[in-house]
Amino acid sequence: MPELPEVEIIRQSLDKKIKQKKVKKVIIRNRNLRLKIPLYFATFLEGQKIINVKRFSKYIILYLSNKSYCLLHLGMSGTVHIISKRKKNSITNTSFYSSPILPKLHNHVEIIFENLKVIYNDPRRFGFFQIIKNLNLLKKKFANLGPEPFQSEFNLEYISSFFKGKKKNIKNFLLDQNFVSGIGNIYASEILFLSKINPIREAHLIQKEECKKLMINSRKVLISAIKKGGSSIKDFKNTSGNKGNFQKNFKVYERNGLNCKRFNCNGIIQKKTISNRSTFFCNICQI
DNA sequence: AAGAGGCCCTGATAGC
DNA sequence: TGCTATCAGGGCCTCT
């Protein structure tokens, strides 16, 4: 499901809701994610205060008070729900959570705080939690990831030297997290459209001027997607269950057969499978 | 070493 | 209605 902007939206609400709060209880309903949730996971987290909620690439990083970290990756279908606890029902004397729409089947983990709980739900199970015991191991975990588009390391020099001698197509490079972190299948197509670059072009043939466009448009697309609350094409929802809005701004993604949105371009958006991922582009203005 | 392809998994939808 | 095939926002592993 989520690329960098969607993960950032989730990070922001977690930051607002659980920072400086103490984990009261953790319930594991299903340990089977891409990495099996370890048996010590619940007791490890219980009693920890969430010092900070950060993000790198598509990973959410919970800073714990015992100086370790809890990583969360959402894979393709992971969602996070934050549910506030209501006051005790005076008749039945039970407290309950407001959770009308939540599909219960794939709730893997519940992290319970004083007044709210965080639920992780993941039908396809490509996501995972991971405890990282110290800063060194955290650095090691991210050592092979390339910079995010916003970082100064993602500059013209870096991009053009990375492409030297590489025959792989440019679209696959945007998806390659060792080259640049955070771009996924939707935004790769959008970035290439804005940069007027055909997705199947070999990387070593990309001109310097085009590298500059890739740099600028990668930042532009991700930032405006964050501003719009992310993209919801199937089931992405923020932690309150609301959809994002950036899908309304898609220029090419899922627009195959429709007119190119570029001013004065008569192209029709094409759909092509590249390395088993759908790719969308205009065959006239993307050269 | 670089790059292509398979695979992990469930659910929604399309086509017959 | 009910079957089967295909596809989905990610990333890791293996093979050549």
Side-chain angles (χ1 to χ4, degrees), chain A residues 1-11 29-37 55-60 71-80 102-108 120-130 141-146 148 161-192 199-205 218 221-222 225-226 228-238 243-250 252-257 271-280:
Chain A
M1 165 191 52
E3 306 181 33
L4 186 151
E6 292 73 34
V7 178
E8 174 60 18
I9 296 303
I10 290 169
R11 186 205 66 80
R29 300 203 178 276
N30 185 347
R31 292 174 60 211
N32 298 314
L33 291 173
R34 182 147 66 83
L35 302 177
K36 194 155 189 166
I37 297 176
R55 179 194 56 70
F56 183 74
S57 183
K58 304 170 190 173
Y59 295 83
I60 287 170
L71 285 193
L72 170 58
H73 193 289
L74 305 170
M76 289 277 253
S77 60
T79 49
V80 173
L102 203 63
K104 287 230 166 21
L105 184 57
H106 297 292
N107 286 357
H108 284 77
Y120 180 69
N121 182 286
D122 190 353
R124 292 180 73 183
R125 303 187 200 158
F126 291 157
F128 61 88
F129 285 88
Q130 197 173 17
K141 174 80 188 171
F142 293 139
N144 291 326
L145 292 180
E148 292 187 352
S161 64
F162 207 101
F163 287 170
K164 251 173 217 151
K166 306 277 175 64
K167 289 199 147 191
K168 188 160 76 168
N169 66 66
I170 182 63
K171 199 258 185 165
N172 275 347
F173 262 110
L174 293 183
L175 290 181
D176 181 350
Q177 305 296 302
N178 299 322
F179 165 57
V180 59
S181 283
I183 298 172
N185 201 41
I186 292 178
Y187 298 115
S189 282
E190 296 296 316
I191 290 162
L192 287 167
I200 63 169
R201 290 260 302 280
E202 291 180 11
H204 66 113
L205 298 174
S218 297
V221 167
L222 296 189
I226 291 170
K228 300 266 177 182
S231 302
S232 299
I233 66 163
K234 273 198 169 158
D235 53 4
F236 171 72
K237 298 206 174 83
N238 63 25
K243 290 187 171 189
N245 273 315
F246 190 74
Q247 66 280 7
K248 294 169 189 161
N249 294 54
F250 287 168
V252 289
Y253 191 82
E254 286 282 272
R255 293 196 67 254
N256 43 316
K271 179 177 182 177
K272 186 182 174 66
T273 302
I274 299 177
S275 300
N276 268 324
R277 313 294 305 271
S278 319
T279 309
F280 301 85

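Quick note on labels: first sequence line is chain A, next is B, and so on, each numbered from 1.
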Just N and O in the side chain of A:H106: are any of them under 4.0 Å from OP1 or OP2 of B:dC9? no
Euclidean distance, atom CZ of residue A:F128 to atom C1' of B:dC9 [Å, nearest integer]: 15 Å
Report yes if a side-chain nitrogen or oxygen of A:K58 is closer than 4.0 Å to either non-bridging phosphate oxygen (OP1 or OP2) of C:dG11; otherwise report no. yes
From the set B:dG11, C:dG9, B:dA4, return the single nucleotide nearest to any side-chain atom of A:N172. B:dA4
Atom CG of A:N178 and atom C1' of C:dC13 are separated, to the nearest Å, by 13 Å
Can you measure from NE2 (A:H204) to CD1 (A:I170) and round to the nearest 0.5 angstrom? 11.0 Å
On a whole-Å scale, what distance lies between the P atoms belonging to B:dC9 and C:dT14? 16 Å
Separation of the P atoms in B:dG3 and C:dG9, to the nearest angstrom: 23 Å
Between CD1 of A:I226 and CG of A:L4, what distance do you get to the nearest 0.5 Å? 5.5 Å
Would you write the dot-bracket representation of DNA chain B, where each base gets (, ), [, ], | or . depending on whether it forms a Watson-Crick or G-U pair under 3.5 Å and with which partner? .|||||||.|||||||
Any donor-acceptor pair under 3.5 Å from A:E3 side chain to A:I186 backbone: yes
Atom pair distance, as rounded to whole Å: CD in A:E254 and P in C:dA8: 7 Å
Reckon A:Y187 touches a base, only the sugar-phosphate, or nothing at all at heavy-atom distances under 4.0 Å? nothing
Would you please name every residue forming a side-chain contact (heavy atoms from CB on, under 4.5 Å) with A:H73, sequence neighbours left out? A:K58, A:Y59, A:F128
How do A:K141 and A:F280 order along DNA chain C: which one's closest nucleotide is nearer the 5' end? A:F280
Does the side chain of A:H73 get closer than 4.0 angstrom to OP1 or OP2 of C:dG11 through an N or O atom? yes
Nearest-Å distance for atom pair CG/P, residues A:N169 and B:dA2: 16 Å
Starting at atom CG of A:N144, determine the distance to atom P of B:dA2, rounded to an integer number of angstrom. 13 Å
A:T279 side chain vs A:R277 backbone, donor-acceptor pair below 3.5 Å: yes
Hey, does the side chain of A:E202 reach the backbone of A:K166 with a donor-acceptor pair shorter than 3.5 angstrom? no
Short question: side chain of A:S181, backbone of A:G146 - any donor-acceptor pair under 3.5 Å? yes
Should the side chain of A:R125 and the base of B:dC9 be counted as holding a donor-acceptor pair, with the cut-off at 3.5 Å? no
Is a side-chain N or O of A:Q177 found less than 3.5 angstrom from the main chain of A:L175, in a donor-acceptor match? yes
Is the distance between the ring centroids of A:F246 and A:Y187 under 6.0 Å? yes
Among the nucleotides C:dG10, B:dG3, B:dT10, which one has an atom lying closest to any side-chain atom of A:R124? B:dT10
Stacking between A:F126 and the base of B:dC8 (centre distance under 5.5 Å, interplanar angle under 30°)? yes
Distance, nearest 0.5 Å, that separates OG of A:S189 from CZ of A:F250: 9.5 Å
Near DNA chain B, under 4.0 Å by heavy atom, which residues of residues 271-279 of chain A? none
Distance check needed: C:dC13 C1' versus A:Q177 CD, whole Å only. 16 Å
Please measure how far the P atom in B:dA1 lies from the corresponding atom in C:dG11, and state the result in whole Å. 23 Å
Between P on B:dA4 and NZ on A:K166, what's the gap in Å once rounded to a whole number? 13 Å
For atom NE2 of A:H204 and atom C1' of B:dA2, their distance in whole Å: 13 Å
